[in-house]
Amino acid sequence: MRIAIIGSGYVGLVAGTCFADSGNDVACVDIDERKIRMLQDGQVPIYEPGLEELIKKNVKEKRLTFTTNLAEGVQNAQAVFIAVGTPEGESGEADLQYVLAAAQAVGRAMKQYTVVVDKSTVPVGTADKVREAIAKVTDVEFDVVSNPEFLKEGAALDDFFKPDRVVIGADTERARNIMGELYAPFVRTENPILFMDTRSAELTKYAANAMLATRISFMNDVAALCEKVGADVDFVRKGLGADKRIGYPFLFPGVGYGGSCFPKDVKALVTTAREYGLELDLLRAVERTNERQKKLLVNKAVKHYGSLEGKKFGVWGLAFKPKTDDMREAPSIEVIEGLIGKGATVIAHDPVAAHAAKRVFGDRIRYAELPYDALEGVDGLFVVTEWNEFRHPDFARMKSLMKTPVVFDGRNIFQPARMREQGFTYFGIGRNK
């Protein structure tokens, strides 16, 4: 099948590459000439394990191309995926200007019946707006489909090739057949394709992310209570997760969620509900807990040291989660800004996100090439992202490098008892043992 992907960011690039790898001819379109040149030269502008190799393979086999020419990419496509950004507006709503501009451009370029697919995360009712935008500029027959993505950064290829489910909101049998054919290679293990109306598909994406964000904030509230009553949140987490109705995923307390999805999507869902006269009090509490959690480590440091003025701290982890270089809404930003704002200096290490962090902090912090380089002469270490390479360090080496062996573990990757045996002053999240 001939496919065009409008937008070569994270979602568009992963989707286009995976569709190409299943035998389709895919044109990835973007207005960013620099990004397209990079991709044409074999350079990938984002970090995602396995993606660079898969792109090079499909480019070599001539199934995957990159272009700034939207008309050229769209005119022969049977399905066109809109995967452009939907940034957060001033009131928390999703800004649809790029989606609707792309829709009109697609409408002008179409030459035959086309399935236009909303792949971006968009509010309920967006498919209707996209349909209206296209109808204004073309008489060519088309259908609009909602096909939200459920990709986890760091595991996106596995998520696309082996999805838990594929959600497709389509109003015609013709569109459902084309989408079903397109996704058939990815659901051979009988994981379902869930066909529904477009509005239900749009809401499914927001509801799923809001539920996962709620689990995280709930466990962070439980962790706060554990600290007050002298319980250990790790034991509580195990007791909760063993209940088959609950399970273990997304029950890890920490310094809050970040990234491109959870913060933005929770806000957008709250805003959408408010437009319909409904207050989602639970999700507003989820947001408040998350904002509080991002400040927690700095608050613990202030309580321990009294003043942070003139202190020097190491930070391990900058990306919002492991296996990505994404700094959007990363808890590390709140942590580092909090430390700098209180007069401390920071030296930070992340395996892949230093280049992205430089766009956030510039030269206000130092960047360490290796984890231990971030420890020399520091008054304490903040662990903010749970990269695997941080889990089993040489504790004796750490202690010898640090001015004072104090660790603020924002991801509970270390065992409190062992840290204290090694001579560290240790602060975790919800752990008193």
Side-chain angles (χ1 to χ4, degrees), residues 154 216 219-220 222-228 230-241 248-258 293-305 311-323 330-332 334-336 338-339 346-351 353 368 370-433:
I216 294 170
M219 280 308 296
N220 283 331
V222 170
L225 182 59
C226 284
E227 292 189 6
K228 296 291 186 183
D232 187 324
V233 75
D234 196 48
F235 292 136
V236 176
R237 180 189 65 82
K238 290 173 181 175
L240 280 172
Y248 290 106
F250 291 86
L251 285 187
F252 291 94
V255 286
Y257 57 76
Q293 208 67 17
K294 289 182 179 181
K295 297 177 173 63
L296 185 62
L297 288 189
V298 174
N299 291 341
K300 286 176 180 283
V302 170
K303 185 176 180 180
H304 175 69
Y305 296 103
K311 300 290 185 185
K312 178 182 177 183
F313 294 108
V315 172
W316 280 1
L318 293 165
F320 86 93
K321 61 177 283 188
K323 298 183 181 180
S332 65
E334 189 81 36
V335 172
I336 291 173
L339 294 174
V346 172
I347 178 168
H349 167 78
D350 189 283
L370 298 171
Y372 295 108
D373 294 343
L375 299 183
E376 192 165 352
V378 299
D379 294 284
L381 168 67
F382 290 78
V383 180
V384 185
T385 312
E386 66 273 32
W387 286 92
N388 277 339
E389 46 263 67
F390 299 159
R391 292 183 179 276
H392 298 287
D394 182 334
F395 291 115
R397 184 179 178 187
M398 287 175 63
K399 190 176 176 184
S400 69
L401 289 169
M402 299 172 72
K403 179 180 177 182
T404 53
V406 182
V407 174
F408 299 90
D409 184 356
R411 297 297 179 183
N412 286 352
I413 64 173
F414 302 136
Q415 291 300 317
R418 185 181 181 196
M419 294 298 288
R420 288 164 188 144
E421 287 172 3
Q422 297 283 336
F424 288 88
T425 300
Y426 176 82
F427 299 93
I429 307 292
R431 309 198 72 181
N432 292 285
K433 306 298 183 186

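When a residue number appears, it is its place in the shown sequence, counting from 1. These figures come from a predicted structure and were not determined experimentally.
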Q: Give the C-alpha distance, both sets of side-chain angles, the deciding distance and a yes or no for side chain to side chain contact (heavy atoms under 4.5 Å, CB included) between Phe252 and Met219.
A: CA-CA 7 Å; Phe252 291 94; Met219 280 308 296; over 6 Å; no

Looking at every non-hydrogen atom in both residues, tell me the closest pair between [X] and [Y] and how far apart they are.
| X | Y | value |
| --- | --- | --- |
| Ala319 | Ala330 | C-CB, 4.2 Å |
| Tyr257 | Lys294 | O-CE, 3.3 Å |
| Lys403 | Gly377 | CB-O, 3.6 Å |
| Pro405 | Gly423 | CG-O, 3.5 Å |
| Pro331 | Gly256 | CG-O, 3.3 Å |

Is a donor on one side and an acceptor on the other found under 3.5 Å between the side chain of [X] and the backbone of [Y]?
| X | Y | value |
| --- | --- | --- |
| Ser332 | Val384 | no |
| Tyr248 | Lys238 | yes |
| Gln293 | Val255 | no |
| Tyr372 | Pro393 | no |
| Asn220 | Gly254 | yes |
| Asp379 | Lys312 | yes |
| Thr425 | Val406 | no |

Should we say atom [atom1] of [X] is surrounded by more than 12 heavy atoms from elsewhere, each under 6.0 Å from it?
| X | atom1 | value |
| --- | --- | --- |
| Glu389 | CD | yes |
| Lys323 | NZ | no |
| Arg418 | CZ | no |

Q: Check whether any side-chain heavy atom of Asp350 lies under 4.5 Å from a side-chain heavy atom of Trp387, and answer yes or no.
A: yes

Distance in Å, [X] [atom1] paired with [Y] [atom2], rounded so as to fall on 0.5 Å steps:
| X | Y | atom1 | atom2 | result |
| --- | --- | --- | --- | --- |
| Asp234 | Leu251 | CG | CG | 11.5 Å |
| Gln415 | Glu421 | CD | CD | 10.5 Å |
| Phe427 | Asn412 | CZ | CG | 13.5 Å |
| Ile413 | Thr385 | CD1 | OG1 | 9.5 Å |
| Arg397 | Leu375 | CZ | CG | 8.5 Å |
| Leu339 | Leu297 | CG | CG | 9.0 Å |

(Q) Checking ring pair (Phe, Tyr, Trp, His ring centres under 6.0 Å) between Phe414 and each of Trp316, Phe395, Phe390, which is the one that passes? (A) Phe395

**Q.** SB check Glu386 Arg411 (cutoff 4.0 Å)
**A.** yes

**Q.** CA sep, side-chain torsions, deciding dist, call: Lys303, Asn299, side chain to side chain contact (heavy atoms under 4.5 Å, CB included)
**A.** CA-CA 6 Å; Lys303 185 176 180 180; Asn299 291 341; over 6 Å; no

Q) Hey, what's the ring geometry for Phe408 with Phe382, parallel, tilted or perpendicular (30° and 60° as the breaks)? A) parallel

Q.
Test side chain to side chain contact (heavy atoms under 4.5 Å, CB included) on Ile216 and Phe250; report intermediate values, then the result.
A. CA-CA 6 Å; Ile216 294 170; Phe250 291 86; 3.8 Å; yes

Q: Show the numbers, then the answer: is there a side chain to side chain contact (heavy atoms under 4.5 Å, CB included) between Val233 and Ile429?
A: CA-CA 8 Å; Val233 75; Ile429 307 292; 5.7 Å; no

